[in-house]
Novice: 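For reference, the structure I am asking about is given below.
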Amino acid sequence: MKGKFPLERFAQMRTPFYYYDMELLRATLRAINQETQKYENFCVHYAVKANANPKVLRSIREAGLGADCVSGGEIEAAIRAGFPADKIVYAGVGKSDWEINLGLDNDIFCFNVESVPELQVINELAAAKGKTANVAFRINPDVGAHTHANITTGLAENKFGIAMRDMESVIEQAQSLKNVRFVGLHFHIGSQILDMGDFQALCNRINELQDQLESHRIIVENINVGGGLGIDYQHPNRVPIPDFKAYFDTYAKRLRLRPGQKLHFELGRAVVAQCGSLIARTLYIKEGAHKKFAILDAGMTDLIRPALYQAYHKIENLSSEEPMEAYDVVGPICESSDVFAKQMDLNAAHRGDLMAIRSAGAYGEIMASCYNCRPLPIGYSSDELF
């Protein structure tokens, strides 16, 4: 089964480009709200790094989600899209002074702090403005995740977060500073996680840390568990919306929240990945010595995940219903790693056929580059094409 695309409209358009199914995005956002509204203390922030297309951001803001930002540019994009400043959290291991000042000037909800030097700089910059900055400490829980090594973030060896052994001393230091206010703890163990056991392990660790802090009379107002929920890259048509019920139920059942405590989530991929596809044209079908190559006009500059992570994306030939044949699907970039898939079964392909590279709404358009002096792909929403 193939996805539903406006093929006649696509045939008139310059490729490659990103196409966003806004009805699917809105259905995904409804599914998130349906689950989180069961719990009055659950707050979801969309991870802007997954996709900052303005049309996508506006739809997410309209659904009532907050924004999780990891750069000053993302804070600016969130504000332009209309996200309320009091729903913006700012994370990142290397915040520059102008980015911190941007957050202070806009009175964002919270800085997720990753080191003592960063805490001190935030305090100094806030003092210069006569402000008090809300800070949560990102704690490295040393919890592994069953995902690609390049997208795990919660192990002791990763660059992210503050070591658990330093947690109490850092909180005490924050409480001694005049221009920061300690408001919570932040965690994130990785991305594209499908095993709920990984999130259960995080819950267990947070429970231990909360008990430890309470034994020293340290009260935490907010717990932020990050995001990480994965999607089904193999079956985007059969499973277009992730299992948000299992995800949120895991935290509701396993995490021992205290009275009045708020639980924050930072979902990115799970929100936008399935609604986006990279649309490309077939330039040539090349007969190799041992295989066929389908050479597209899209490449790793447009979607880098397969080259960077060896990530799988389902590919559909939108122009053909002929019998299946196996192809290496590649791009035009002057790099051997410019490969979308090897020996993928596609309906027999010909020059000019339109291909849809599926599940590309997250870490697709946002990571595109101009390598080889190529133009950046444009992102179109279904709302503007119909």
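Throughout, residue positions are numbered sequentially from 1 according to the sequence presented. Just the heavy atoms: all of them, side chains too, but no hydrogens, waters or symmetry mates, feed the values below.
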Novice: Could you walk me through whether Glu321 and Lys2 pass the salt bridge (charged side-chain N to carboxylate O under 4.0 Å, His left out) test, one step at a time?
Specialist: CA-CA 10 Å; Glu321 294 295 340; Lys2 296 182 183 180; 3.7 Å; yes
Novice: Using a cut-off of 6.0 Å, state whether more than 12 heavy atoms not belonging to Gln343 lie near its atom CD.
Specialist: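 Enclosed: over 12 neighbouring heavy atoms sit under 6.0 Å from CD of Gln343.
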Novice: What salt bridge (charged side-chain N to carboxylate O under 4.0 Å, His left out) pairs are there with at least one residue in residues 41-63, not counting sequence neighbours?
Specialist: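 Those involving residues 41-63 are Lys55-Glu384.
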Novice: Check the pair Phe199, Tyr247 against ring-ring contact (aromatic ring centres under 6.0 Å, His included), reporting the backbone distance first and the verdict last.
Specialist: CA-CA 8 Å; Phe199 299 122; Tyr247 176 70; 5.1 Å; yes
Novice: Show me the pairs that pass ring-ring contact (aromatic ring centres under 6.0 Å, His included) and involve residues 315-373, at least two apart or across chains.
Specialist: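 Not a single pair qualifies under ring-ring contact (aromatic ring centres under 6.0 Å, His included).
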Novice: Show me the pairs that pass salt bridge (charged side-chain N to carboxylate O under 4.0 Å, His left out) and involve residues 228-245, at least two apart or across chains.
Specialist: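 Residue pairs passing salt bridge (charged side-chain N to carboxylate O under 4.0 Å, His left out), neighbours aside: Lys245-Asp249.
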Novice: Do NZ/NE/NH1/NH2 and the carboxylate oxygens of Arg138 and Glu114 come within less than 4.0 Å?
Specialist: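 Yes, this pair counts.
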Novice: Quick check with a 6.0 Å cut-off and a 45 degree axis cone: is Arg351 positioned over the face of Tyr284's six-membered ring?
Specialist: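 Output yes; distance and angle both within limits.
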Novice: Answer yes or no: are there more than 12 heavy-atom neighbours, outside Lys4 itself, under 6.0 Å from its atom NZ?
Specialist: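 Atom NZ in Lys4 is not packed in, count stays at 12 or less.
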Novice: Could you check whether atom CD1 of Ile378 has more than 12 heavy atoms from other residues, nucleotides or ligands sitting under 6.0 Å from it?
Specialist: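 No, CD1 of Ile378 has 12 or fewer neighbouring heavy atoms, counting only those of other groups under 6.0 Å.
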Novice: Working to the nearest 0.5 angstrom, can you tell me the gap between Met355 CE and Leu296 CG?
Specialist: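 Met355 CE to Leu296 CG: 6.0 Å, rounded to 0.5 Å.
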Novice: Just checking Lys129: does its NZ atom have more than 12 heavy atoms from other residues, nucleotides or ligands closer to it than 6.0 angstrom?
Specialist: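 Check passes, neighbour count above 12.
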Novice: Would you mind telling me which of Asn33, Leu267, Leu57 makes a side-chain contact (heavy atoms from CB on, under 4.5 Å) with Leu65?
Specialist: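 Result for side-chain contact (heavy atoms from CB on, under 4.5 Å) with Leu65: Asn33.
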